[in-house]
Amino acid sequence: FRLHKKVNEDFWEELEDTLITSDVGTSATDRIMEELREYAKENKISEPAGLTARIREVIEEILLTDEEKRTLNIEQGRVNVIMMVGVNGAGKTTSTAKLTHYFKNQGFSVLLAAADTFRAAAIEQLESWANRLDVPIIKHKEGSDPAAVVYDACNAAKARKADILLIDTAGRLQNKSNLMKELEKIHRVIGREIPDAPHEVLLVLDATTGQNALSQAQQFSAVTPISGLVMCKLDGSARGGIMVAVAQEFGIPVKYIGVGESPDDLKPFVPELFIKALFG
Amino acid sequence: SLSERISGVIDKLRGRGKLTEEDVKKALREVRRALLEADVSLSVVKKFISQVREKAIGEELWKSLTPGQLVVKHVKDELVAIMGGEAVPLEMSADPPTVIMMVGLNGAGKTTTAGKLARYLKEREKKKVLLAATDVYRPAAIKQLEVLGEQLDVQVFQMGDKNSPVDIAKAAVAHGEKEDFDIVIVDTAGRLQANEELMKELEDTRDALKPTETLLVLDAMTGQDAVNIADQFVKRIKCTGAIMTKLDGDARGGAALSVREVTGIPIKFIGVGERLQALEVFHPDRMASRILG
Ligand SMILES: Nc1nc2c(ncn2[C@@H]2O[C@H](COP(=O)(O)OP(=O)(O)OP(=O)(O)O)[C@@H](O)[C@H]2O)c(=O)[nH]1
Ligand SMILES: Nc1nc2c(ncn2[C@@H]2O[C@H](COP(=O)(O)OP(=O)(O)OP(=O)(O)O)[C@@H](O)[C@H]2O)c(=O)[nH]1
Ligand SMILES: [Mg+2]
Ligand SMILES: [Mg+2]
């Protein structure tokens, strides 16, 4: 809305269109629009420039932007367990590789668990990353029980005193109750083997996903508490506004974003940059 | 459901006497909201609403005893009309092998769908199918297609990951011709349409192969970006059809309407599961009902 000289109906429509086409969704958009119209009225704002700061604040409020909420729950002196979950093709395995690279660079020892025992060549895919990044990996044969892989991985991590155990799970659509039950079981196994684990359960979302992300957040949360989101494929044209809807509805913060297919294409989430990109 | 929401809005308004233009505007606002929640792209929703408004507002509406239901009927009819009245089959080449190229965004389901399509054509149409692995980027991508080929007893052509995708694709088709295959299905690496280099590579592959079918594999949960994705892939890669995947999920699939409306390409198949049997022919009317909710 740099094109608008005045805060008029055209301006409001363009603002609404920007939010909707960024996948912010109708409910969060309505809330944001209402707050801004109110603010503009109360403060008698007639120029768009007078609103830019408030627009940013309103969205930041929704995004739970305090730093604490967005950093990972990693502590020295224990095996930190991070579980990657999400629907098929979102970017879990690649994000697992990126996090491995990220932690190794910070001096942590990392152990990987190939808990996707179902999909064709899923184990080979993670194993290829493990070799490339030079980290050990716990895997069983294709078709074996993922809970058994996780059980072994937790015990191997303890034995080796690994700083971080990264568990890659199979993609699953949230309406498949048997697959969600399987995830619940994996979560239980982790908790029994390592106290307070998993310390992080990251829901991996594809930035091109629309309103279905709300159903994903809801149903995954029902079986494992989700501590954060990783939003992948933000190197495309999708702006990932769905994270605003998910934050508003479920209070889940975005911790990392994926901006490419290489190991270093992972960045901590910075709300200011996201909001800037939203309004291009 | 949308039907209930629209009927609810309109019939409640009717209780106050004669239906007004303002009432219809409220009902259409409800339709807009529902379509956006179903992930239909905004530009498509706007065009759709104006088309429905044009058709719905008239003598028929003012006289109707059930105006809510009438608006719903117009919405549904318009949806089905846009989705394309009937299922459109795969094109076959008069000069075998028929080359089918699978393209689309990262993780959409191209490799799995290539396997599903190979199974469909082998089992149902008794074709001799060759799968070609040209994804030289993703770790174990070639292995993934080989595992699927093995499960189906379908040959997979690959040249490892040190050759260019264009060269591998050309060699695969040449092999297909030489060995009398009916169909060659070329699996390609995922890419974002915003990635200039990868889109150029795909254009080159497409120009070298001149496939009979270039199928855009699109995830059912795709949001507003569907129009941009479809527009670029159809313009630059000349897609002839689409396959929407993961419709066994609870995504409403509004992207199907966006793709069809913006590019006109027909959706030919849908993926409804992870197993190789989970491929169905696309039915426009069923999709319209799903989007409506
Ligand atoms: N451009 C881009 N591609 C990505 C990003 N993250 C993942 N990908 C790609 O997305 C595709 C799917 O990634 P995977 O890591 O296999 O996804 P997944 O969630 O593990 O998939 P399943 O295990 O099959 O459910 C691959 O082609 C990745 O390279 C990203 O941030 N940007
Ligand atoms: N539930 C379900 N899962 C599907 C469907 N189609 C594909 N998948 C899954 O989606 C994930 C991604 O599928 P792939 O075939 O690897 O996707 P791709 O487009 O080849 O990915 P890239 O090559 O990395 O771009 C896998 O976990 C598949 O099993 C479907 O119709 N339903
Ligand atoms: Mg994976
Ligand atoms: Mg693939």
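Each chain gets a letter, A, B and so on, in the order its sequence line appears, and its residues count up from 1. Worth knowing before you read on, the calculation uses all heavy atoms, side chains too, and leaves out hydrogens, waters and symmetry mates.
- With a 4.5 Å cut-off on non-hydrogen atoms, A:D235 touches chain B through its backbone and its side chain both.
- With respect to chain A, the highest number of heavy-atom pairs below 4.5 Å among B:A38, B:G254, B:G249 belongs to B:G249.
- For the 3.5 Å distance criterion, the side chains of A:N212 and B:D250 qualify, holding a donor opposite an acceptor.
- Within the 3.5 Å criterion, the main-chain N or O of B:M102 finds no donor-acceptor partner in the side chain of B:D187.
- At distances below 3.5 Å, at least one donor-acceptor pair connects side-chain atoms of B:S258 with backbone N or O atoms of B:S41.
- Of the listed residues (A:S27, A:A121, A:A97, A:S22), the one with the most heavy-atom contacts under 4.5 Å to chain B is A:A121.
- We find that B:E196 and B:R236 are joined by a salt bridge, their nearest charged nitrogen and carboxylate oxygen being less than 4.0 Å apart.
- Contact of B:T222 with chain A is made through backbone and side chain together, with heavy-atom distances under 4.5 Å.
- Side-chain atoms of B:D225 do not come within 3.5 Å of backbone N or O of A:T208 as any donor-acceptor pair.
- Between chain A and the options B:A226, B:A141, B:A255, B:A140, the largest number of non-hydrogen pairs under 4.5 Å is found for B:A140.
- A side-chain donor from one of B:E37 and A:T26 sits under 3.5 Å from a side-chain acceptor of the other.
- Taking 4.5 Å as the limit, every side-chain heavy atom of B:L79 sits out of range of all side-chain heavy atoms of B:M287.
- Taking 4.0 Å as the cut-off between side-chain N and carboxylate O, B:K26 and B:E30 do not count as a salt-bridged pair.
- Neither the backbone nor the side chain of A:R239 comes within contact range of chain B; no heavy atoms are under 4.5 Å apart.
- At a 4.5 Å heavy-atom cutoff, the contact between B:A194 and chain A is made by side-chain atoms alone.
- Between A:N88 and B:E274, the side chains place a donor N or O and an acceptor N or O closer than 3.5 Å (distance only, hydrogens not considered).
- No donor-acceptor distance shorter than 3.5 angstrom exists from the side chain of A:S144 to the backbone of A:H140, with no hydrogens or angles considered.
- A:D30 touches chain B through its side chain: at least one heavy atom from C-beta onward sits under 4.5 Å away, while N, CA, C and O do not.
- Counted by atom type alone, B:N106 and A:E261 present one or more donor-acceptor pairs between their side chains at under 3.5 Å.
- Between chain A and the options B:K143, B:R33, B:R191, B:R32, heavy-atom pairs under 4.5 Å are most frequent for B:R33.
- Heavy-atom pairs under 4.5 Å with chain B peak, among A:L173, A:L214, A:D206, A:I242, at A:L173.
- With 3.5 Å as the limit, one finds no donor-acceptor pair spanning the side chains of A:E16 and A:T29.
- With chain A as partner, the option from B:E150, B:Q232, B:R275 having the largest number of non-hydrogen pairs under 4.5 angstrom is B:R275.
- Most heavy-atom pairs under 4.5 Å with chain B: of the set A:G210, A:A122, A:G171, this distinction falls to A:G210.
- A:F274 and A:F269 have their aromatic ring centers within a separation under 6.0 angstrom.
- Residue contact with chain A, scored on non-hydrogen atoms closer than 4.5 Å, is absent for B:E146.
- At a 4.5 Å heavy-atom cutoff, the contact between B:L105 and chain A is made by side-chain atoms alone.
- Using a 4.5 Å heavy-atom cut-off against chain B, the contacting residues of residues 174-183 of chain A are A:Q174, A:N175, A:K176, A:L179.
- Proximity to chain B (any heavy atom under 4.5 Å) is restricted, for A:S215, to the side chain, taken from C-beta onward.
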